[in-house]
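On a predicted model such as this, the values are computed, not experimentally measured, just so you know. Every chain is numbered from 1 and lettered A, B, ... according to where its sequence line falls, protein lines coming before strand lines.
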There are 2 protein chains.
Amino acid sequence: MIDIYESFENLDEAKKQTILNAGFRIFGEYGYSKASIKDIIKEAGISKGSLFYYFESKKNYFLYLYEYTSNIMKHLVDDPGEDGLPKYLEKTDFFERLDDVKERKMKLAFLHPYMGGFIKKAPFERSQDVYKEIQLINQRLAGERIADFFDKLDIYKFKDGVDPKMVLQLISWCSEGAVSLIQTKNLINPQIKHDELDYKEVIQLYDRYVAMIKKHFYKEEYL
Amino acid sequence: MIDIYESFENLDEAKKQTILNAGFRIFGEYGYSKASIKDIIKEAGISKGSLFYYFESKKNYFLYLYEYTSNIMKHLVDDPGEDGLPKYLEKTDFFERLDDVKERKMKLAFLHPYMGGFIKKAPFERSQDVYKEIQLINQRLAGERIADFFDKLDIYKFKDGVDPKMVLQLISWCSEGAVSLIQTKNLINPQIKHDELDYKEVIQLYDRYVAMIKKHFYKEEYL
DNA sequence: ATATTTATTGACCAATTCGGTCAAAAGTGA
DNA sequence: TCACTTTTGACCGAATTGGTCAATAAATAT
């Protein structure tokens, strides 16, 4: 919440990310109550004393992660790019804007490979320890205006009768599906490091599906 | 493996299903090592003594579930229906055959609502207790012939250039997506019982996406 | 009705794990 | 050298772990 975790924030960036990612991975896999400090420090490669030195308690650590991800996810789409402009309004074509979002998500996935699993599970955490605080964070963020992907979008480019929101949902499922497909494939193959996902492979697969969808749902003159 | 869990098998069907479903739910959510007996018996509504009376150990119980699901999943598609005939070859139309599979999956999902989560996680269980046995079961089942969805299928009905396997994958992602979408929706709404999924809603959603896909990927003369 | 077998329970067990503490060690900059 | 910050893991009491078992209840057989 109020970021007074100075000792943690002053760590060098790489170490901070490692510690965050350990939490994302372990909490994301087991949930709050089943995730143990031991699991987390083993994953992060630090000592138990250090973790409590940074965050004081398991609860604080979890909520720090939740706050962190909530902020990022909330502004994933509409935050200004490096040039300072909110990029998502520049592109009015569905698939161009989609590519913009894809790029942002890619960078994020590269920095925080396990954030996806965490953010999917955390909001529904029922553990008494953290339930109330999660609701509070949710409430606060719910008040903020969120960017609408369909704002000023050329939806006329879709074939008649096609619901663009369904297409977006479909593509969103494709991206999740592509990730889990590659993950599973690599998990079966025992000689591959399971820890790191082959993003190129995921993107390749994802792009094929998006291309197929575009080809059949867009009017021919806009292909 | 060899089913000598007589005491369990002789239970009346309803109780058996309850006990199986408890395992699917808890193991599916937490994984083998983090799932505790206490969690499971609470979910199943039986005493600790009973569970050990039926299965002797946590490990046996888990492997029984894994064996059970593996067999079901393996023969989900090609098993004969109630009339004794393997139905999946009767229909040569992609979407008709798909409907067949959908119906089977529906019945299964109704009987074992949490089997999906279990079967997704269990094969990758890394706990030393059960790892070797899982591999053995996998090996044995890998030898069995599995039905091919595309066998004797009218793939010519697809528009030129469309890869039917990609379409099947896409639809598979839709079904998973529909489930998790409805699940999430109901989870946010606190006054709904979270335990039971509204299958009608899921199917409705799923059907809309399949209809959209069929409309744009099938040649017009076959719509 | 009675005897015998089967099914079910939860208090209890030793062992482990839990989140958290803290004194000591290591590192850092002057 | 000194003062200060960071890092560590042995250690704590409490809770939880998978598993046992004598007792009880229910069902079945005689």
Checklist entry - Who pairs with Ser47(B) by side-chain contact (heavy atoms from CB on, under 4.5 Å), at least two apart in sequence or on another chain? => result Ser50(B)
Checklist entry - Between Asn10(B) and Tyr5(B), is any side-chain donor less than 3.5 angstrom from a side-chain acceptor? => result no
Next on the checklist: Between Gln135(B) and Gln139(B), is there a side-chain donor-acceptor contact under 3.5 Å, judged purely by atom types and distance?
Outcome noted: no
Take the protein atom [atom1] of [X] and the nucleotide atom [atom2] of [N], then report the distance between them rounded to whole Å.
{"X": "Lys15(A)", "N": "dT6(D)", "atom1": "NZ", "atom2": "P", "answer": "10 Å"}
{"X": "Tyr30(B)", "N": "dT17(C)", "atom1": "OH", "atom2": "C1'", "answer": "17 Å"}
{"X": "Tyr61(A)", "N": "dG20(C)", "atom1": "OH", "atom2": "C1'", "answer": "16 Å"}
{"X": "Tyr54(B)", "N": "dT6(C)", "atom1": "OH", "atom2": "C1'", "answer": "11 Å"}
{"X": "Ile37(B)", "N": "dT16(C)", "atom1": "CD1", "atom2": "C1'", "answer": "15 Å"}
{"X": "Ile46(B)", "N": "dA25(D)", "atom1": "CD1", "atom2": "C1'", "answer": "17 Å"}
{"X": "Leu11(A)", "N": "dT28(C)", "atom1": "CG", "atom2": "P", "answer": "13 Å"}
{"X": "Ile26(B)", "N": "dG18(D)", "atom1": "CD1", "atom2": "P", "answer": "12 Å"}

Among [options], find the nucleotide with the atom closest to the side chain of [X].
{"X": "Lys48(B)", "options": "dA11(C), dC18(C), dT8(D)", "answer": "dA11(C)"}
{"X": "Ser50(A)", "options": "dC18(C), dT8(D), dT17(D)", "answer": "dT8(D)"}
{"X": "Lys58(B)", "options": "dG18(D), dG9(D), dG20(C)", "answer": "dG18(D)"}
{"X": "Phe52(B)", "options": "dT20(D), dG19(C), dT7(D)", "answer": "dT20(D)"}
{"X": "Ser36(A)", "options": "dC18(C), dT6(D), dA7(C)", "answer": "dC18(C)"}
{"X": "Ser47(B)", "options": "dG20(C), dA7(C), dG10(C)", "answer": "dG10(C)"}

Next on the checklist: Which is more 5' along DNA chain C, the nucleotide nearest Lys34(B) or the one nearest Asn10(B)? Just name the residue.
Outcome noted: Asn10(B)
Item to check | Distance under 6.0 Å and angle within 45° of ring axis: Lys58(A) vs Tyr32(A) | outcome: yes
Checklist entry - Could you give all pairs that pass the ring-ring contact (aromatic ring centres under 6.0 Å, His included) test and reach residues 130-150 of chain B, with sequence neighbours left out? => result Phe94(B)-Phe149(B)
Next on the checklist: Looking at Tyr53(A), I'd like to know whether one of its side-chain N or O atoms comes within less than 4.0 Å of OP1 or OP2 on dT7(D).
Outcome noted: no
